[in-house]
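These notes are about the structure you will find just below.
These numbers come from the heavy atoms of this one structure, side chains and all, not from hydrogens, waters or symmetry mates. Residue numbers start from 1 in every chain, and the chains themselves are labelled A, B, ... in the order their sequence lines are given, proteins ahead of strands. Since this is a predicted model, take the numbers as computed values, not measurements.
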Protein chains: 2
Amino acid sequence: MGIQRRPLREQIREELLLRLDRGDFAAGKDINEVVLAAELGVSRTPLREALITLAGEGVLESNQGRGFRFAPVSSKEFRELCEIVAGLESLALELSDPDELREMAPELLRLARGFPDPVAEQSEIEWHDDEWHDLLLGRCPNERLLDLVTSVKAGMRRYTHLIAGEDTLLEREAEEHCRIAEHLRAGDVPAATAALRDNWISGMERMTSRIPAAPGTA
Amino acid sequence: MGIQRRPLREQIREELLLRLDRGDFAAGKDINEVVLAAELGVSRTPLREALITLAGEGVLESNQGRGFRFAPVSSKEFRELCEIVAGLESLALELSDPDELREMAPELLRLARGFPDPVAEQSEIEWHDDEWHDLLLGRCPNERLLDLVTSVKAGMRRYTHLIAGEDTLLEREAEEHCRIAEHLRAGDVPAATAALRDNWISGMERMTSRIPAAPGTA
DNA sequence: TTCATGTATTCTGTATTCATAATTCAAGGT
DNA sequence: ACCTTGAATTATGAATACAGAATACATGAA
């Protein structure tokens, strides 16, 4: 590829999401723009542009005069996000060409089975999960829908690090992925859609207990 | 209410959406930030913040070095947006409390019937339609979902002015709204959901013919 | 001691300035 | 005549500067 020339705001946005994954930011804590800009080696302007973008995606919240903060986690919001993603992903599946889905099923199955690798890195696992879902939706012709899914999932990143080191959760996940892939291989899209919904809803229920109740935990 | 103190970027965003509704902007035409900022009486900074927000919502698109432009309309995108909103609104309906929906049904019916008012203003009609859908979804407990619907609908505003003066379209719309409300009154949420989906899909098909094919029409 | 009030400080929100990429147009060469 | 090339112009992307709101703190009264 040639020299990449992308707006700083996008690079900053990605860097912030990365840091979010690493759990660098205390949720609910105000962001100091000057400090963060200095840390990133950029000026406040593109930083603020990135912050505004993230606020639009629900990753951050902004209050007049008090700037931005990483939105505190709450089981209610997590539930809401899961419901949304479940709806969007199953919609994407319904809009995909059934034949192409069937073609893709073996690959999906292979990926799902190779899930609980020996002792994979945590970040590796999360990436793996994302990749599986991306592959699943890749054939959906509705590009706006795919963008939307990506955007909403960005808002869920605050919750992903909570599953750190939970092997049982991941096994259940892999199991359900297999089931979805099986349905697709059989050409039964409605069943696959239902299984996908279940995947998100049950995942939500498994997670919801480990979300701290009190919002203002310093 | 007290004194309103909101960031300029939000006010600017709304003003731009308003102008979009009025059809002030030629789709596909580049936006000159200096000129527009002067026109609005603000500096480029909050204007750019609003533009970035709108780009995140899909109303605008931005290309490196070439700034922002109102995304050209395309029947493909319109179809995609309709599919998304249909999915999101029916999801919202499914997540609502059936009893509350039934309580609300008479009001919905009343509004739907009062639809094709004598010779209402175009903007009035659009507002009326929005209000009906807002009322329909108002009882959904998933706040994030409602925000998302609002955001996606903002991206559809570029298409609303295309229905100007199409009475038959509006009549069909009112008719379908009645049908949805009837289902809700009967307590049949699945049927209402299906009707809502149909409402969007058929609306899409009715509209799709009047979207100019060529993107670069000055 | 506790609460209220005034002041100082910090940080955001907005404006302005600067640098550089993109576009336009004209001149020269094929 | 047409294409290429380069300078000039224009507009964006980014940095800096400024004004005002929000917060913290200290001082004083009840």
Side-chain angles (χ1 to χ4, degrees), chain A residues 1-17 19 24-72 215-216 218, chain B residues 1-17 19 24-72 215-216 218:
Chain A
M1 66 169 184
I3 300 168
Q4 67 169 346
R5 286 201 33 71
R6 289 167 54 217
L8 270 185
R9 58 173 179 275
E10 287 182 18
Q11 299 180 47
I12 294 172
R13 171 180 170 277
E14 287 177 16
E15 175 62 27
L16 291 179
L17 283 175
R19 294 190 177 204
D24 284 11
F25 296 104
K29 180 108 177 290
D30 280 350
I31 290 173
N32 186 319
E33 296 176 5
V34 179
V35 172
L36 186 53
E39 222 172 290
L40 296 170
V42 297
S43 78
R44 279 180 60 213
T45 306
L47 170 61
R48 276 178 61 84
E49 293 177 346
L51 294 175
I52 288 168
T53 302
L54 289 171
E57 295 174 329
V59 178
L60 303 179
E61 56 184 30
S62 74
N63 297 17
Q64 167 67 273
R66 298 199 301 182
F68 299 88
R69 61 173 55 189
F70 279 85
Chain B
M1 70 168 185
I3 299 167
Q4 69 166 347
R5 284 202 35 70
R6 289 167 54 216
L8 269 185
R9 60 172 179 274
E10 288 182 19
Q11 299 181 46
I12 294 172
R13 170 179 171 277
E14 287 178 15
E15 174 62 26
L16 291 179
L17 283 176
R19 295 191 176 201
D24 283 11
F25 296 103
K29 179 109 178 291
D30 280 350
I31 291 173
N32 186 319
E33 297 177 4
V34 178
V35 172
L36 187 53
E39 220 172 291
L40 296 170
V42 298
S43 77
R44 279 180 59 211
T45 307
L47 170 60
R48 277 177 62 85
E49 292 178 345
L51 294 176
I52 287 168
T53 302
L54 289 171
E57 294 174 332
V59 179
L60 304 179
E61 57 184 29
S62 74
N63 298 33
Q64 167 67 271
R66 298 200 302 182
F68 299 87
R69 61 173 55 188
F70 280 86

- Query: Counting only distance, no hydrogens or angles, is the base of dG13(C) paired donor-acceptor with the side chain of R44(A) under 3.5 Å?
  - Reply: yes
- Is the shortest heavy-atom distance from the side chain of L54(B) to the side chain of F70(B) under 4.5 Å? no
- Phosphate OP1/OP2 of dA21(D) contacted by R5(B) side-chain N/O (<4.0 Å): no
- Quick one: is R66(B) getting a side-chain N or O under 4.0 Å of the dA21(C) phosphate, OP1 or OP2? no
- Message: If the cut-off is 4.0 Å, is S43(A) near the phosphate of dA15(D), judged by side-chain N/O to OP1 or OP2?
- Response: yes
- Task: Take R9(A) and Q64(A), find for each the nucleotide of DNA chain D with the closest heavy atom, and name the residue whose nucleotide sits nearer the 5' end.
- Result: R9(A)
- Message: Quick check on DNA chain D: between G41(A) and V35(B), whose nearest nucleotide comes earlier from the 5' end?
- Response: V35(B)
- Contact class for I12(A) vs. all strands (heavy atom < 4.0 Å): base, sugar-phosphate, or nothing? nothing
- Query: With a 4.5 Å limit on heavy-atom distance, are the side chains of V42(B) and E15(B) in contact?
  - Reply: no
- Query: Under 4.0 angstrom, heavy atoms only, what part of the nucleic acid is N32(B) near: base, sugar-phosphate, or nothing?
  - Reply: sugar-phosphate
- Value in whole Å for how far the P atom of dT12(C) lies from CG of N63(A): 12 Å
- Message: Output the rounded distance in Å from CD (E33(B)) to C1' (dT10(D)).
- Response: 12 Å
- Message: Within the 4.0 Å heavy-atom criterion, would you say L47(A) contacts the bases, only the backbone, or no part of the nucleic acid?
- Response: nothing
- What are the two closest non-hydrogen atoms of R6(A) and Q11(A), and how far apart are they? O-NE2, 3.2 Å
